[in-house]
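Worksheet: the structure to be examined is printed underneath.
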Amino acid sequence: MERRDLEIFLTLAEELHFGRTAQRLFVSQARVSQTVKQLERQIGTALFDRTSRRVELTPVGRDFLNDVRPGYELIRAGVEKAVAAGRGLAEPLRVGFTSPLAGEMVLFAASAYRESHPGAGEVALHEAPLGDPLGPLRRGELDLLLGQFPVAEPDLRTGPVLISDSRVLAVSTRHPFARRESVRLDDLARDKVISLSGPVPDYWLDHLLPRTTPDGSPVERVGEATTRQELLALVGAGRGVHPVASHEVRYYARPNIAYVPFAEAPPLEYGLVWRAATETARIRAFAGAAEEVVRQQNGPEQVCSECR
């Protein structure tokens, strides 16, 4: 009895329809009928009662199903595990994220990755430090990072943009900006902007917190928050303002902080980053799964702005 014969039997036992079974297995309906007849000849009795209106398992068919399905699942799992190992996918994958929405995207991508590669290893999630998002990658603590762009480092590689989100300005509820419907980048020169502490590249920090406004006025950076909770505490206390992605409003709502939309500001973009020297089949497969999630949710020409 061939493995394919068992697969046809088990699928028909689930679908109870010859046409749907054929479509699901990408075979002809005649192949399904022929296989069932061969199995019934080998066993010596009918496995299905078939009429023009319905297909049902016989008592012998139900017993046969219960007996062979556990063994078949073990064989299939073993084959999938061996295939994944041969493709270099069996080892666990450690994926970091730098924002709540990025964390959700990693979860969606992990599900798609495991579905596309059933024998692949587990995907472990880790939140990367606010002030040192690239450090865990370089120290080998992460295999991949879904982090904020831009990233232009000679030892790192990046994938396409997966998330693009507008900016808002986090301010104290006592701040005059809190009563406005929107702010502009030029308004950053009218208050102190809380900066971040850690080995983030200057170009990355300048993209988030420009040194000058579009009209040329200098932007004063103060303080150095090392964690997101420190940053929010400083903003809430009125020590300064800080631009963030608009999706953070849902996750970091606080009674003493208001989030004011920017009328004009470039979006904040996020994508996958990994070490060039350690690129593996696992990394390529996970990156492909993440891109597929974006295509399914937003269409082939769009990026993920609200991965929900």
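Bear in mind that the values here come from a model prediction, so they are computed numbers and not experimental data.
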So the side chain to side chain donor-acceptor pair (under 3.5 Å) pairs with at least one residue in residues 258-272 (sequence neighbours excluded) are Arg184-Glu264
Glu14 and side chain to side chain donor-acceptor pair (under 3.5 Å): which single residue from Arg69, Arg20, Arg24 fits? Arg24
Search all heavy atoms of [X] against all heavy atoms of [Y] and return the closest pair with its distance.
{"X": "Ser197", "Y": "Glu224", "answer": "CB-CB, 3.4 Å"}
{"X": "Pro266", "Y": "Leu185", "answer": "CD-CD1, 4.1 Å"}
{"X": "Gly131", "Y": "Val200", "answer": "O-CG1, 3.2 Å"}
{"X": "Ser246", "Y": "Val168", "answer": "CB-CG1, 3.8 Å"}
{"X": "Leu93", "Y": "Phe286", "answer": "CD2-CB, 3.5 Å"}
{"X": "Ala258", "Y": "Thr173", "answer": "N-CG2, 3.9 Å"}

Enclosure of [X] [atom1] (heavy-atom neighbours >12, cutoff 6.0 Å):
{"X": "Glu115", "atom1": "CD", "result": "no"}
{"X": "Arg54", "atom1": "CZ", "result": "no"}
{"X": "Arg239", "atom1": "CZ", "result": "no"}

Taking atom [atom1] of [X] and atom [atom2] of [Y], what is their separation to the nearest 0.5 Å?
{"X": "Leu209", "Y": "Arg221", "atom1": "CG", "atom2": "CZ", "answer": "5.5 Å"}
{"X": "Phe149", "Y": "His207", "atom1": "CZ", "atom2": "NE2", "answer": "10.5 Å"}
{"X": "Leu205", "Y": "Leu196", "atom1": "CG", "atom2": "CG", "answer": "6.0 Å"}
{"X": "Ser182", "Y": "Asp187", "atom1": "OG", "atom2": "CG", "answer": "8.5 Å"}
{"X": "Leu137", "Y": "Asp155", "atom1": "CG", "atom2": "CG", "answer": "9.0 Å"}
{"X": "Glu104", "Y": "Leu125", "atom1": "CD", "atom2": "CG", "answer": "11.0 Å"}

Verify, without hydrogens or angle tests, whether [X] (side chain) and [Y] (backbone) share a donor-acceptor contact under 3.5 angstrom.
{"X": "Arg31", "Y": "Ala22", "answer": "no"}
{"X": "Arg275", "Y": "Arg138", "answer": "no"}
{"X": "Thr213", "Y": "Ala189", "answer": "no"}
{"X": "Arg254", "Y": "Gly236", "answer": "no"}
{"X": "Arg211", "Y": "Asp206", "answer": "no"}
{"X": "Trp204", "Y": "Gln148", "answer": "yes"}

Less than 4.5 Å apart, side chain to side chain, heavy atoms only: is that true for [X] and [Y]?
{"X": "Phe64", "Y": "Leu6", "result": "yes"}
{"X": "Leu25", "Y": "Arg4", "result": "yes"}
{"X": "Leu107", "Y": "Phe97", "result": "no"}
{"X": "Leu101", "Y": "Ile163", "result": "yes"}
{"X": "Gln23", "Y": "Gln29", "result": "no"}
{"X": "Leu134", "Y": "Pro201", "result": "yes"}

Determine the sole option in Leu47, Thr21, Leu57 for which the side chain to side chain contact (heavy atoms under 4.5 Å, CB included) test with Leu12 is passed. Thr21
Would you mind telling me which of Val171, Leu169, Val241 makes a side chain to side chain contact (heavy atoms under 4.5 Å, CB included) with Asp191? Val241
Before accepting this row, confirm whether a basic side-chain N of the pair [X]/[Y] lies closer than 4.0 Å to the acidic partner's carboxylate O.
{"X": "Arg282", "Y": "Glu91", "answer": "no"}
{"X": "Arg94", "Y": "Glu141", "answer": "no"}
{"X": "Lys37", "Y": "Glu40", "answer": "no"}

Which label fits Tyr251 and His247: parallel for a plane angle under 30°, tilted from 30 to 60°, or perpendicular past 60°? perpendicular
Does one side chain, of Gln296 or Glu292, offer a donor that lies under 3.5 Å from an acceptor on the other? yes
Please check if any side-chain donor atom of Glu153 sits under 3.5 Å from a side-chain acceptor atom of Tyr203, or the reverse. yes
Passes side-chain contact (heavy atoms from CB on, under 4.5 Å), Ile283 versus Arg157? Steps please. CA-CA 11 Å; Ile283 289 174; Arg157 295 289 181 269; over 6 Å; no
Stepwise, does the side-chain contact (heavy atoms from CB on, under 4.5 Å) test hold for Glu248 with Asp165? CA-CA 10 Å; Glu248 296 190 21; Asp165 203 2; over 6 Å; no
Centroid-centroid under 6.0 Å between Phe9 and Phe48 rings: yes
What do the steps show when you test Val36 against Arg50 for side-chain contact (heavy atoms from CB on, under 4.5 Å), and what is the final call? CA-CA 11 Å; Val36 171; Arg50 306 185 278 282; 3.7 Å; yes
What verdict does the side-chain contact (heavy atoms from CB on, under 4.5 Å) test give for Leu130 and Thr227, after you've listed the backbone C-alpha separation in whole Å, the side-chain angles of each residue and the deciding distance to 0.1 Å? CA-CA 6 Å; Leu130 181 66; Thr227 68; 5.6 Å; no
